[in-house]
Every structure is written in C-alpha cells, then in structure tokens.
Amino acid sequence: IAFPLIPPHLWSAILTLSLLTEFFDGALARRFEWTSLTGKILDPIADRALALMVGVTLVLANRLSAVDFFLILLRDFSVTLGAILYLIAFGPTVVFRGLYPNFLGKSTTALQYLVFYDAILSTSAHSPLIKVTVALGFLASASYLLQLRAKHQERAIESYTTGPVS
C-alpha cells in the first residue's frame with residue numbers, strides 16, 4: 001500500500017520483492033498445507049491491492065494512462081463484482097469454496113505485472129502488451145464467471161437432491 005511513497009528508482013526492486021514474497025507465500029502454503037478459507041479470501045484481496053497501488057502510482061507518474069490501467073484491471077473488477085453479486089445472492093459457501101485460480105487468470109496476472117515493469121523501465125507501457133493483457137483478461141473473466149455459475153448450479157442440484165447444503 002505504500003508503493004506510491006517509494007522513490008521511482010526503487011519501484012522495480014520493490015515490485016520484484018513483493019512478487020517474490022507472494023510466490024513463496026503461495027508455494028509454502030501449498031507445500032505444507034497451510035491453507036484456510038480466510039487465506040483464500042484475503043490473499044487475492046492483497047494481490048489486487050498491490051496491483052491497484054502499483055497501477056495508481058504509474059498513472060500518477062504518467063508512465064501508464066488511466067484508460068490502459070483500467071483496461072488491464074478490468075478482469076479484476078469484473079470478477080470482484082461477480083463474486084460480490086454471488087455472495088449477496090447465494091452466500092459465501094457458493095462463492096469461496098471450490099473456486100480456484102486457473103491458467104487464464106494466472107497468465108493475465110503475469111501479463112499485468114509485465115505491463116507494470118514495462119511502464120517502470122521505459123517511459124510508458126507499450127500498447128501491444130496492453131492489448132494482449134486485456135484480451136486474455138477478458139477470457140479469464142469469462143472463465144471465472146462461468147466457474148462461479150457452475151458452482152452455483154452444482155450446489156442447487158445438490159440441494160434439490162439431498163436437501164439444503166451448508
């Protein structure tokens with residue numbers, strides 16, 4: 001969250017350190033089974049907070065346009081909105097259990113950070129990389145929203161055949 005306060009010459013190093021700690025946090029949690037429902041909820045929120053702070057910093061420094069920033073985070077906005085709507089409508093059991101990151105989502109995140117590095121290391125991010133990130137983000141959004149829908153349908157069928165599922 002303090003990324004906007006960091007001097008520009010340290011942005012790349014701090015971003016790299018942040019991403020390395022995120023990688024090792026996930027790897028250790030999976031390796032030693034240190035996972036929890038709370039962690040599954042908070043970890044993506046922390047990831048989005050990092051992306052938001054880095055992106056806002058780059059926009060304020062005129063390294064990334066506000067439109068490009070919005071477009072590369074469109075996947076995050078749409079998935080978050082979808083999850084909130086499902087949470088309101090069906091409760092946390094449908095939204096947060098059995099919902100896993102997939103290749104499209106991970107690839108989109110990797111491309112988002114490549115755009116950020118490009119904006120940090122050059123005077124501005126390059127349009128082709130942004131376009132690929134937006135396209136992949138659209139596919140990832142659709143994939144996650146379909147996954148939410150399938151989870152809801154699965155729960156509805158279970159509830160219908162066996163009674164309410166808690």
Side-chain angles (χ1 to χ4, degrees), residues 1-32 34-88 92 95-96 99-148:
I1 305 237
F3 199 85
L5 305 175
I6 297 168
H9 69 278
L10 295 176
W11 287 348
S12 183
I14 297 299
L15 183 57
T16 300
L17 182 62
S18 297
L19 294 175
L20 284 173
T21 58
E22 173 60 26
F23 171 78
F24 285 114
D25 169 57
L28 289 170
R30 285 185 298 277
R31 169 71 174 94
F32 295 107
W34 295 336
T35 59
S36 67
L37 181 59
T38 303
K40 288 179 182 180
I41 294 169
L42 293 180
D43 189 61
I45 292 170
D47 295 346
R48 301 294 57 93
L50 175 62
L52 194 61
M53 288 298 97
V54 171
V56 166
T57 302
L58 295 173
V59 168
L60 293 174
N62 293 318
R63 299 284 186 99
L64 185 65
S65 78
V67 170
D68 287 342
F69 174 55
F70 175 77
L71 288 174
I72 65 170
L73 288 183
L74 194 55
R75 180 234 11 196
D76 301 308
F77 297 137
S78 65
V79 170
T80 300
L81 180 61
I84 289 169
L85 292 175
Y86 265 82
L87 180 64
I88 291 167
V95 176
F96 299 115
L99 204 61
Y100 302 103
N102 60 35
F103 178 76
L104 289 172
K106 293 286 189 180
S107 298
T108 302
T109 300
L111 285 174
Q112 287 172 340
Y113 283 102
L114 284 176
V115 169
F116 292 157
Y117 276 112
D118 189 35
I120 289 169
L121 299 174
S122 65
T123 55
S124 66
H126 298 291
S127 182
L129 184 57
I130 291 170
K131 288 177 184 174
V132 170
T133 304
V134 170
L136 194 59
F138 177 78
L139 294 173
S141 293
S143 171
Y144 282 128
L145 295 175
L146 288 172
Q147 193 178 10
L148 274 173

**Request:** Return the minimal non-hydrogen interatomic distance between W11 and L58, and the atom names on each side.
**Result:**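 Nearest pair, atom of W11 first, then L58: CZ3-CD2, 3.8 Å.
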
Given side chains that start at C-beta, do those of [X] and [Y] come closer than 4.5 Å, heavy atoms only?
{"X": "I14", "Y": "S18", "result": "yes"}
{"X": "F138", "Y": "T108", "result": "no"}
{"X": "D68", "Y": "V115", "result": "no"}
{"X": "V134", "Y": "L74", "result": "no"}

Just how far is it from atom [atom1] of [X] to atom [atom2] of [Y], taken to the nearest 0.5 Å?
{"X": "L50", "Y": "Y113", "atom1": "CG", "atom2": "OH", "answer": "3.5 Å"}
{"X": "F24", "Y": "L20", "atom1": "CZ", "atom2": "CG", "answer": "6.0 Å"}
{"X": "D76", "Y": "L52", "atom1": "CG", "atom2": "CG", "answer": "9.0 Å"}

**Message:** Main chain of L129, side chain of T133: is a donor-acceptor contact present, judged purely on distance under 3.5 Å?
**Reply:**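 Yes; judged by distance alone, with no hydrogens or angles, the pair exists.
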
**Asked** Looking only at atom types and distance, does a side-chain atom of Y144 sit under 3.5 Å from a main-chain N or O of N102, one as donor and one as acceptor?
**Response**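 Checking the backbone N and O of N102 against the side chain of Y144, a donor-acceptor pair under 3.5 Å is found.
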
**Enclosure of Y117 OH (heavy-atom neighbours >12, cutoff 6.0 Å)** =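 Counting other residues, nucleotides and ligands, OH of Y117 exceeds 12 neighbours.
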
**Verdict with reasoning, V56 to F3, per side-chain contact (heavy atoms from CB on, under 4.5 Å)** = CA-CA 9 Å; V56 166; F3 199 85; over 6 Å; no

**Asked** Do T109 and R75 have a side chain donor and acceptor closer than 3.5 Å?
**Response**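 Checked: T109/R75 side chains pair up, N/O donor to acceptor below 3.5 Å.
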
